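Report on the following structure.
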Amino acid sequence: MSGADAKPPEHIQTIRLPINQADIAGVEACINSGSEDCRKCRIPGQSNLSLMNYTLLREALTAGGITAEVVPVQSPNSERSRKMIQAGIADVKTDWVFNISPAEGALKTAPLFQSGEIEKGLYARPGFMADDLPETLEDIGTLRAVGIRTWRLDWQVLESLPVASLISAATTRQMFSLIDAGRADFTLLEFSSQEDMGREIDGIWLYPITGIKVSLPATQHFMVSDQLDDADKVVAALDRGIRVMRDNGFIHRCLVNNGVINPAVENWHNLNSPHATTKPAAPAVSTQ
(Lines give C-alpha, C1' and ligand atoms only; values in the text may rest on other atoms or scores of the structure.)
Protein backbone atom coordinates (compact mmCIF):
# COMPACT_ATOMS: atom_id res chain seq x y z
CA MET A 1 0.00 0.00 0.00
CA SER A 2 2.53 2.58 -1.02
CA GLY A 3 0.41 5.23 -2.76
CA ALA A 4 3.41 7.56 -2.52
CA ASP A 5 2.73 9.32 -5.80
CA ALA A 6 -1.06 9.00 -5.83
CA LYS A 7 -3.15 12.14 -6.01
CA PRO A 8 -5.46 12.58 -3.03
CA PRO A 9 -9.23 12.43 -3.40
CA GLU A 10 -10.83 15.81 -3.94
CA HIS A 11 -13.04 15.60 -0.88
CA ILE A 12 -13.47 13.42 2.18
CA GLN A 13 -16.56 14.22 4.20
CA THR A 14 -15.27 13.48 7.68
CA ILE A 15 -12.22 12.06 9.39
CA ARG A 16 -12.86 10.84 12.92
CA LEU A 17 -10.16 11.63 15.48
CA PRO A 18 -10.37 9.87 18.88
CA ILE A 19 -9.91 12.35 21.74
CA ASN A 20 -9.22 11.64 25.40
CA GLN A 21 -12.36 12.34 27.40
CA ALA A 22 -10.46 14.75 29.66
CA ASP A 23 -9.56 16.93 26.64
CA ILE A 24 -12.61 16.70 24.41
CA ALA A 25 -14.44 19.68 25.95
CA GLY A 26 -11.51 21.95 25.07
CA VAL A 27 -11.33 20.61 21.51
CA GLU A 28 -15.07 21.03 20.97
CA ALA A 29 -14.98 24.55 22.44
CA CYS A 30 -12.31 25.51 19.92
CA ILE A 31 -14.25 24.01 17.03
CA ASN A 32 -17.50 25.71 18.08
CA SER A 33 -15.80 29.07 18.60
CA GLY A 34 -14.96 29.36 14.91
CA SER A 35 -11.64 30.93 15.91
CA GLU A 36 -8.69 30.14 13.67
CA ASP A 37 -6.27 31.12 16.45
CA CYS A 38 -6.90 28.02 18.56
CA ARG A 39 -6.95 25.87 15.40
CA LYS A 40 -3.63 27.28 14.17
CA CYS A 41 -1.55 26.94 17.37
CA ARG A 42 -1.39 30.73 17.64
CA ILE A 43 -2.32 30.88 21.33
CA PRO A 44 0.51 30.31 23.83
CA GLY A 45 -0.34 28.34 26.94
CA GLN A 46 -3.07 26.08 25.54
CA SER A 47 -1.65 22.92 27.16
CA ASN A 48 -4.27 20.69 25.51
CA LEU A 49 -2.32 18.06 23.62
CA SER A 50 -5.47 16.63 22.04
CA LEU A 51 -6.25 20.07 20.62
CA MET A 52 -2.69 20.26 19.30
CA ASN A 53 -3.11 16.88 17.59
CA TYR A 54 -6.46 17.98 16.14
CA THR A 55 -4.78 21.11 14.80
CA LEU A 56 -1.85 19.21 13.31
CA LEU A 57 -4.12 16.67 11.61
CA ARG A 58 -6.39 19.36 10.19
CA GLU A 59 -3.44 21.39 8.91
CA ALA A 60 -1.63 18.34 7.48
CA LEU A 61 -4.70 17.28 5.53
CA THR A 62 -5.15 20.77 4.10
CA ALA A 63 -1.45 21.17 3.25
CA GLY A 64 -1.48 17.70 1.68
CA GLY A 65 -4.37 18.58 -0.61
CA ILE A 66 -7.37 17.02 1.13
CA THR A 67 -10.53 18.91 2.09
CA ALA A 68 -12.01 17.20 5.14
CA GLU A 69 -13.86 17.90 8.36
CA VAL A 70 -12.00 16.49 11.35
CA VAL A 71 -14.59 15.27 13.86
CA PRO A 72 -13.57 14.45 17.45
CA VAL A 73 -14.94 11.23 18.95
CA GLN A 74 -14.57 10.54 22.65
CA SER A 75 -12.22 7.85 23.91
CA PRO A 76 -11.29 6.95 27.51
CA ASN A 77 -7.57 6.48 26.86
CA SER A 78 -4.90 6.03 24.21
CA GLU A 79 -5.13 2.22 24.21
CA ARG A 80 -8.86 2.39 23.45
CA SER A 81 -8.19 5.02 20.75
CA ARG A 82 -5.75 2.64 19.10
CA LYS A 83 -8.33 -0.14 19.08
CA MET A 84 -10.89 2.26 17.58
CA ILE A 85 -8.51 2.92 14.69
CA GLN A 86 -7.85 -0.79 14.18
CA ALA A 87 -11.58 -1.55 14.21
CA GLY A 88 -12.40 1.24 11.77
CA ILE A 89 -14.66 3.15 14.17
CA ALA A 90 -12.15 6.03 14.16
CA ASP A 91 -9.90 7.04 11.30
CA VAL A 92 -6.68 8.82 12.34
CA LYS A 93 -4.74 9.47 15.54
CA THR A 94 -1.16 10.21 16.54
CA ASP A 95 0.84 7.35 18.01
CA TRP A 96 4.33 6.03 18.58
CA VAL A 97 5.99 4.00 15.84
CA PHE A 98 6.01 0.76 17.84
CA ASN A 99 2.20 0.89 18.28
CA ILE A 100 1.41 1.00 14.56
CA SER A 101 1.21 -2.34 12.79
CA PRO A 102 -0.18 -2.99 9.27
CA ALA A 103 -1.03 -6.48 10.48
CA GLU A 104 -3.45 -4.92 12.97
CA GLY A 105 -5.28 -2.71 10.50
CA ALA A 106 -3.18 0.43 10.74
CA LEU A 107 -1.02 2.41 8.32
CA LYS A 108 1.53 5.01 9.37
CA THR A 109 2.72 8.29 7.91
CA ALA A 110 6.17 9.80 7.88
CA PRO A 111 7.30 10.92 11.36
CA LEU A 112 5.27 13.80 12.74
CA PHE A 113 7.65 14.17 15.71
CA GLN A 114 11.27 13.09 15.58
CA SER A 115 12.93 10.82 18.14
CA GLY A 116 13.99 12.88 21.17
CA GLU A 117 11.98 15.91 20.05
CA ILE A 118 9.38 15.47 22.79
CA GLU A 119 10.68 16.11 26.28
CA LYS A 120 9.03 15.54 29.64
CA GLY A 121 9.57 16.82 33.13
CA LEU A 122 9.70 14.90 36.40
CA TYR A 123 6.51 16.26 37.95
CA ALA A 124 6.15 16.28 41.74
CA ARG A 125 4.29 18.03 44.55
CA PRO A 126 4.73 21.82 44.91
CA GLY A 127 8.09 22.67 46.44
CA PHE A 128 9.39 19.10 46.26
CA MET A 129 13.22 19.07 46.40
CA ALA A 130 13.22 22.87 46.21
CA ASP A 131 16.14 23.06 48.64
CA ASP A 132 18.05 20.05 47.32
CA LEU A 133 17.84 20.16 43.53
CA PRO A 134 19.31 17.14 41.71
CA GLU A 135 22.19 17.69 39.34
CA THR A 136 23.04 14.18 38.18
CA LEU A 137 21.29 10.93 37.41
CA GLU A 138 22.35 9.44 40.74
CA ASP A 139 20.67 12.28 42.64
CA ILE A 140 17.22 10.82 41.95
CA GLY A 141 18.13 7.40 43.36
CA THR A 142 16.00 7.85 46.48
CA LEU A 143 12.85 8.92 44.61
CA ARG A 144 9.74 6.81 44.04
CA ALA A 145 8.27 7.01 40.55
CA VAL A 146 4.75 6.32 39.33
CA GLY A 147 3.70 5.67 35.74
CA ILE A 148 1.16 3.85 33.61
CA ARG A 149 2.56 0.56 32.38
CA THR A 150 0.59 0.67 29.12
CA TRP A 151 2.30 3.99 28.26
CA ARG A 152 5.10 1.91 26.83
CA LEU A 153 7.65 4.62 26.08
CA ASP A 154 7.18 6.53 29.36
CA TRP A 155 7.42 3.25 31.23
CA GLN A 156 10.60 2.34 29.36
CA VAL A 157 12.18 5.66 30.32
CA LEU A 158 11.10 5.30 33.96
CA GLU A 159 12.59 1.80 34.09
CA SER A 160 15.88 3.20 32.76
CA LEU A 161 16.19 5.65 35.66
CA PRO A 162 17.88 4.65 38.94
CA VAL A 163 14.82 5.36 41.10
CA ALA A 164 14.11 3.60 44.39
CA SER A 165 10.79 2.15 43.22
CA LEU A 166 8.34 2.27 40.35
CA ILE A 167 4.58 2.03 40.88
CA SER A 168 2.08 1.24 38.12
CA ALA A 169 -1.13 3.31 38.15
CA ALA A 170 -4.27 2.75 36.10
CA THR A 171 -4.99 6.34 35.05
CA THR A 172 -3.47 9.82 35.01
CA ARG A 173 -5.86 10.83 37.80
CA GLN A 174 -4.56 7.98 39.94
CA MET A 175 -0.96 9.05 39.30
CA PHE A 176 -1.78 12.55 40.55
CA SER A 177 -3.61 11.14 43.58
CA LEU A 178 -0.73 8.81 44.52
CA ILE A 179 1.73 11.69 44.40
CA ASP A 180 -0.62 13.96 46.34
CA ALA A 181 -1.01 11.28 49.01
CA GLY A 182 2.76 10.90 49.34
CA ARG A 183 2.82 7.32 48.05
CA ALA A 184 5.01 8.31 45.10
CA ASP A 185 7.32 11.26 44.47
CA PHE A 186 7.08 11.98 40.75
CA THR A 187 5.79 11.00 37.33
CA LEU A 188 6.67 12.00 33.77
CA LEU A 189 4.50 14.67 32.13
CA GLU A 190 4.82 16.96 29.13
CA PHE A 191 5.94 20.43 30.16
CA SER A 192 3.06 22.84 30.45
CA SER A 193 3.31 26.11 28.57
CA GLN A 194 2.08 27.94 31.68
CA GLU A 195 4.66 30.27 33.21
CA ASP A 196 5.19 27.98 36.22
CA MET A 197 4.82 24.85 34.05
CA GLY A 198 2.26 23.44 36.49
CA ARG A 199 -0.28 20.76 35.56
CA GLU A 200 -3.54 20.12 37.40
CA ILE A 201 -6.11 17.34 37.71
CA ASP A 202 -9.00 17.42 40.19
CA GLY A 203 -7.44 20.32 42.06
CA ILE A 204 -4.08 18.54 42.46
CA TRP A 205 -1.18 20.59 41.09
CA LEU A 206 2.15 19.07 40.10
CA TYR A 207 5.29 20.95 39.01
CA PRO A 208 8.53 19.84 37.35
CA ILE A 209 11.60 19.27 39.49
CA THR A 210 13.84 22.13 38.41
CA GLY A 211 16.92 21.38 36.34
CA ILE A 212 16.22 17.86 35.05
CA LYS A 213 14.18 16.38 32.20
CA VAL A 214 13.96 13.32 29.95
CA SER A 215 13.41 12.88 26.21
CA LEU A 216 11.27 10.23 24.55
CA PRO A 217 13.45 8.08 22.25
CA ALA A 218 10.98 7.21 19.47
CA THR A 219 9.21 8.80 16.51
CA GLN A 220 5.51 9.64 16.51
CA HIS A 221 3.32 9.34 13.41
CA PHE A 222 -0.25 9.65 12.26
CA MET A 223 -1.85 6.23 12.59
CA VAL A 224 -4.45 5.72 9.82
CA SER A 225 -7.12 3.01 9.78
CA ASP A 226 -6.80 0.81 6.71
CA GLN A 227 -10.62 0.72 6.63
CA LEU A 228 -10.78 4.43 5.81
CA ASP A 229 -11.80 5.09 2.21
CA ASP A 230 -8.71 5.85 0.10
CA ALA A 231 -6.49 5.16 3.13
CA ASP A 232 -3.29 4.98 1.02
CA LYS A 233 -4.05 8.35 -0.55
CA VAL A 234 -4.76 9.87 2.84
CA VAL A 235 -1.37 8.63 4.09
CA ALA A 236 0.35 10.10 1.01
CA ALA A 237 -1.44 13.42 1.54
CA LEU A 238 -0.52 13.49 5.23
CA ASP A 239 3.12 12.80 4.31
CA ARG A 240 3.04 15.85 2.04
CA GLY A 241 1.39 17.91 4.75
CA ILE A 242 3.96 16.87 7.36
CA ARG A 243 6.80 17.98 5.08
CA VAL A 244 5.11 21.36 4.56
CA MET A 245 4.46 21.83 8.30
CA ARG A 246 8.02 20.87 9.17
CA ASP A 247 9.49 23.23 6.59
CA ASN A 248 7.32 26.24 7.48
CA GLY A 249 7.75 25.83 11.24
CA PHE A 250 4.12 24.97 12.00
CA ILE A 251 4.97 21.78 13.92
CA HIS A 252 7.56 23.62 16.00
CA ARG A 253 5.08 26.41 16.78
CA CYS A 254 2.49 23.91 17.97
CA LEU A 255 5.01 22.12 20.17
CA VAL A 256 6.23 25.39 21.71
CA ASN A 257 2.78 26.90 22.30
CA ASN A 258 1.62 23.70 23.97
CA GLY A 259 4.72 23.46 26.16
CA VAL A 260 6.01 20.21 24.65
CA ILE A 261 9.09 22.14 23.56
CA ASN A 262 9.70 24.62 26.35
CA PRO A 263 12.52 27.16 25.86
CA ALA A 264 12.71 27.56 29.65
CA VAL A 265 14.09 24.03 30.03
CA GLU A 266 16.47 24.10 27.07
CA ASN A 267 19.53 23.95 29.33
CA TRP A 268 18.14 21.50 31.88
CA HIS A 269 20.06 18.25 32.28
CA ASN A 270 18.63 15.44 30.16
CA LEU A 271 18.72 12.32 32.32
CA ASN A 272 18.44 9.84 29.45
CA SER A 273 20.72 11.51 26.96
CA PRO A 274 23.59 9.37 25.61
CA HIS A 275 25.90 11.15 28.07
CA ALA A 276 23.81 10.40 31.18
CA THR A 277 25.02 7.82 33.67
CA THR A 278 23.41 4.43 33.10
CA LYS A 279 21.31 2.78 35.74
CA PRO A 280 23.01 0.08 37.85
CA ALA A 281 19.90 -1.99 38.63
CA ALA A 282 16.18 -2.10 37.95
CA PRO A 283 13.84 -0.45 40.46
CA ALA A 284 11.35 -2.43 42.46
CA VAL A 285 8.00 -2.47 40.64
CA SER A 286 4.57 -2.71 42.21
CA THR A 287 1.04 -2.40 40.84
CA GLN A 288 -1.75 -0.29 42.33
Side-chain angles (χ1 to χ4, degrees), residues 17-27 47-53 72-87 89-90 93-101 104 106 118-126 128 140 143-192 197-209 213-214 216-218 220 223 258-260 272 279 282-288:
L17 172 69
I19 298 288
N20 187 296
Q21 59 190 19
D23 292 340
I24 197 165
V27 176
S47 294
N48 184 326
L49 297 180
S50 295
L51 178 56
M52 180 184 75
N53 290 333
V73 291
Q74 184 167 303
S75 171
N77 52 54
S78 58
E79 185 175 5
R80 174 58 183 160
S81 296
R82 193 173 304 120
K83 291 179 179 178
M84 291 168 68
I85 296 291
Q86 293 165 344
I89 57 178
K93 73 180 293 290
T94 57
D95 213 327
W96 299 104
V97 61
F98 47 77
N99 285 329
I100 307 174
S101 168
E104 296 179 348
I118 295 179
E119 297 179 333
K120 289 194 172 187
L122 281 64
Y123 272 70
R125 297 181 300 278
F128 184 77
I140 66 168
L143 304 187
R144 300 162 299 165
V146 58
I148 297 176
R149 193 188 297 267
T150 55
W151 292 5
R152 177 174 167 181
L153 195 56
D154 285 46
W155 190 261
Q156 174 186 322
V157 172
L158 286 169
E159 285 188 314
S160 75
L161 301 178
V163 293
S165 64
L166 175 56
I167 298 172
S168 177
T171 65
T172 306
R173 282 185 168 85
Q174 188 181 33
M175 289 197 305
F176 274 61
S177 296
L178 287 168
I179 293 173
D180 186 57
R183 296 179 61 188
D185 297 316
F186 78 91
T187 190
L188 301 182
L189 295 173
E190 290 89 355
F191 289 106
S192 163
M197 293 183 277
R199 288 201 174 274
E200 178 267 338
I201 289 182
D202 295 338
I204 300 172
W205 282 91
L206 301 181
Y207 299 89
I209 300 173
K213 62 183 179 181
V214 298
L216 300 186
Q220 195 167 122
M223 177 183 186
N258 280 273
V260 181
N272 64 334
K279 173 179 92 149
V285 177
S286 62
T287 302
Q288 294 297 313

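On a predicted model such as this, the values are computed, not experimentally measured, just so you know.
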For this session: Measure the shortest side-chain to side-chain distance between Arg152 and Trp96 over non-hydrogen atoms and say whether it is less than 4.5 angstrom.
Result: no
Problem set entry | Close side-chain approach of Val73 and Leu17, heavy atoms under 4.5 Å | no
Exercise. Should Phe191 and Asn258 count as side-chain neighbours, where that means a heavy-atom distance under 4.5 Å?
Worked result: no
For this session: For residues Arg199 and Ser192, report the shortest heavy-atom separation together with the two atoms involved.
Result: NH2-CA, 3.6 Å
For this session: For the pair Asn53 (side chain) and Leu49 (backbone), establish whether a donor and an acceptor sit closer than 3.5 Å, ignoring hydrogens and angles.
Result: yes
For this session: For side chain to side chain contact (heavy atoms under 4.5 Å, CB included), just list the numbers for Ile140 and Val163, CA-CA rounded to whole Å, side-chain angles, deciding distance to a tenth of an Å, and then say yes or no.
Result: CA-CA 6 Å; Ile140 66 168; Val163 293; 4.1 Å; yes
For this session: Give a yes or no on whether the backbone of Arg144 and the side-chain of Arg183 come within a donor-acceptor separation of less than 3.5 Å.
Result: no
Seminar exercise, completed: The reported gap from CG in Leu143 to OG in Ser165 (rounded to nearest 0.5 angstrom) is 9.5 Å
For this session: Verify side chain to side chain contact (heavy atoms under 4.5 Å, CB included) between Met197 and Tyr207, making sure each step is shown before the conclusion.
Result: CA-CA 6 Å; Met197 293 183 277; Tyr207 299 89; 6.0 Å; no
Exercise. Can you find a pair of side-chain heavy atoms, one from Ile148 and one from Trp155, that are under 4.5 Å apart?
Worked result: no
For this session: Let me see the working for Tyr123 and Leu188 under side chain to side chain contact (heavy atoms under 4.5 Å, CB included), right down to the final yes or no.
Result: CA-CA 6 Å; Tyr123 272 70; Leu188 301 182; over 6 Å; no
Seminar exercise, completed: So CG of Asp23 and CD of Gln74: to nearest 0.5 Å the spacing works out to 10.5 Å
Exercise. Are the side chain of Asn20 and the backbone of Ala22 linked by a donor-acceptor contact shorter than 3.5 Å?
Worked result: yes
For this session: Enter the distance from Leu158:CG to Ile167:CD1 here, rounded to the nearest 0.5 Å.
Result: 11.5 Å
Exercise. Hey, does the side chain of Asn48 reach the backbone of Ser50 with a donor-acceptor pair shorter than 3.5 angstrom?
Worked result: yes
Exercise. Are the side chains of Leu166 and Val146 in touch, meaning some heavy atoms are under 4.5 Å apart?
Worked result: no
Problem set entry | Minimum heavy-atom distance Ser81-Lys93, with the two atoms named | CB-CE, 3.4 Å
For this session: Before giving the answer on side chain to side chain contact (heavy atoms under 4.5 Å, CB included), spell out for Leu216 and Glu119 the whole-Å C-alpha distance, their side-chain angles and the decisive distance to 0.1 Å.
Result: CA-CA 6 Å; Leu216 300 186; Glu119 297 179 333; over 6 Å; no
Problem set entry | Interatomic distance, Arg149 atom CZ to Gln156 atom CD [nearest 0.5 angstrom] | 14.0 Å
For this session: Compare all side-chain heavy atoms of Lys213 with those of Leu122 and state whether any distance is below 4.5 angstrom.
Result: no
Exercise. Do the side chains of Thr94 and Met223 get nearer than 4.5 Å, heavy atoms only?
Worked result: no
Problem set entry | Interatomic spacing from OG in Ser168 to CH2 in Trp151 - rounded to 0.5 Å | 11.0 Å
For this session: Please round to the nearest 0.5 Å and tell me the distance separating atom CG of Leu51 and atom CD1 of Ile19.
Result: 8.0 Å
Exercise. So, for Thr187 and Gly147, which heavy atoms are closest and what is the spacing to 0.1 Å?
Worked result: OG1-CA, 4.2 Å
For this session: Please answer whether the main-chain N or O of Ile179 pairs with a side-chain N or O of Arg125 as donor and acceptor at a distance below 3.5 Å.
Result: yes
Exercise. Between Leu153 and Pro217, is any pair of side-chain heavy atoms under 4.5 Å apart?
Worked result: yes
